Amino acid sequence: MCSLTPTKKICKSLLVLAMAVCPVEATAGMLMLRFGPPSVGSGGSNPLGIPPSAVDVEFAWVTTSNWETSLSAVPGLLVGKRFDIDNFYVGLGGGILISSNGVGVGPYSSFGWESEGTFRYSIEYKQGLGFSSAGLVSPSALRVGIGYVF
């Protein structure tokens, strides 16, 4: 029998919610892999590790209808909607936020630039703001990466 911790239960619930929110016809999209230093909310960003550690990596899935799901150690598991302006975009959503003050739930926003084509390059700044049992959590990350459009 499998026993889930409260954090794993929240993650599983958020993944189920993300699948329910994204339309079925929007299964095609883009998979992104980004690297960059996160800020865990304790006074500025951390330096980028060489080679990058697990904290420096983010995976993102963007559907053709501009729904975005991203997973990283910091800022966490996030689901939101993207709004495009030429090659720039703004993302708004919410999810599970992870910082030095603990794990919390709250909204996030992102701002980024993305090239065009099958292989895409991107740079993005993402900031979350939420509450945990220990207080306010405000993780952020500045990351660059590459993506592939399916």
Side-chain angles (χ1 to χ4, degrees), residues 2 4-41 45-99 102-132 136-150:
C2 179
L4 295 177
T5 64
T7 304
K8 288 182 180 178
K9 287 180 183 178
I10 292 171
C11 290
K12 184 178 177 183
S13 300
L14 192 59
L15 285 173
V16 170
L17 176 66
M19 288 186 271
V21 170
C22 295
V24 174
E25 65 271 5
T27 55
M30 176 179 52
L31 182 63
M32 295 291 300
L33 178 62
R34 295 188 190 104
F35 300 94
S39 173
V40 294
S45 67
N46 297 326
L48 176 64
I50 303 207
S53 69
V55 176
D56 298 329
V57 179
E58 176 185 61
F59 297 96
W61 175 255
V62 183
T63 67
T64 54
S65 58
N66 279 345
W67 280 98
E68 170 182 61
T69 303
S70 64
L71 174 65
S72 61
V74 176
L77 178 61
L78 306 170
V79 177
K81 181 74 171 166
R82 271 192 179 188
F83 303 93
D84 294 326
I85 306 163
D86 294 326
N87 289 29
F88 293 93
Y89 63 88
V90 172
L92 300 171
I96 300 170
L97 301 169
I98 302 169
S99 81
V103 177
V105 178
Y108 83 93
S109 65
S110 63
F111 175 75
W113 174 86
E114 215 167 69
S115 66
E116 295 180 6
T118 303
F119 289 97
R120 296 190 179 182
Y121 300 99
S122 75
I123 183 168
E124 178 183 84
Y125 176 75
K126 189 174 283 178
Q127 174 75 53
L129 180 63
F131 295 97
S132 73
L136 187 65
V137 292
S138 60
S140 64
L142 176 63
R143 295 192 166 118
V144 296
I146 188 168
Y148 180 75
V149 178
F150 293 92

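These figures come from a predicted structure and were not determined experimentally. Just the heavy atoms: all of them, side chains too, but no hydrogens, waters or symmetry mates, feed the values below.
Applying the side-chain contact (heavy atoms from CB on, under 4.5 Å) test between Lys126 and each of Ser70, Ser140, Pro139 identifies Ser70 as the sole match.
For Tyr148 and Phe119, the ring centers sit closer than 6.0 Å to each other.
What you find for Gly117 and Val149 is that their closest heavy atoms are O-CG2, 3.6 Å. Scanning all heavy atoms of the two residues, the minimum distance from Val74 to Ala141 falls at O-CB, 4.3 Å. Nearest heavy-atom pair across Ile123 and Tyr89 is O-OH, 4.3 Å. Considering every non-hydrogen atom in both Pro107 and Leu97, the closest pair reads O-CD1, 4.0 Å.
With values rounded to the nearest 0.5 angstrom, Phe111 atom CZ is found 11.5 Å from Leu142 atom CG. Rounding to the nearest 0.5 angstrom, the gap separating the CG atom in Leu78 from the OG atom in Ser109 is 10.5 Å. The CG atom of Leu77 lies 13.0 Å from the CZ atom of Phe59; values are rounded to the nearest 0.5 Å. Between the CE atom of Met30 and the OG1 atom of Thr63 there is a distance of 9.5 Å, given to the nearest 0.5 Å.
Side chain of Ser115 to main chain of Tyr121: a donor-acceptor pair is present (N/O by atom type, distance under 3.5 Å, no hydrogens or angles). With Asp56 contributing its side chain and Pro37 its backbone, the two residues share no donor-acceptor pair below 3.5 Å.
At a threshold of 4.5 Å between non-hydrogen side-chain atoms, the residues Tyr108 and Leu129 do not count as touching. Side-chain atoms of Glu124 and Met32, non-hydrogen and from C-beta on, never get closer than 4.5 Å to each other. Looking only at side-chain heavy atoms (C-beta outward), Phe131 and Val105 stay at 4.5 Å or farther from each other.
For Asn66, the side chain to side chain contact (heavy atoms under 4.5 Å, CB included) partners two or more places apart in sequence, or in a different chain, are Val62, Lys81, Arg82, Asp84. Here Ser72 pairs with Glu58, Pro75, Arg143 under the side chain to side chain contact (heavy atoms under 4.5 Å, CB included) rule; sequence neighbours left out.
The aromatic rings of Phe150 and Trp61 sit tilted relative to each other, their planes meeting at an angle between 30° and 60°.
Remark: Tyr125 OH is packed, more than 12 non-hydrogen atoms of other residues, nucleotides or ligands lying under 6.0 Å away.
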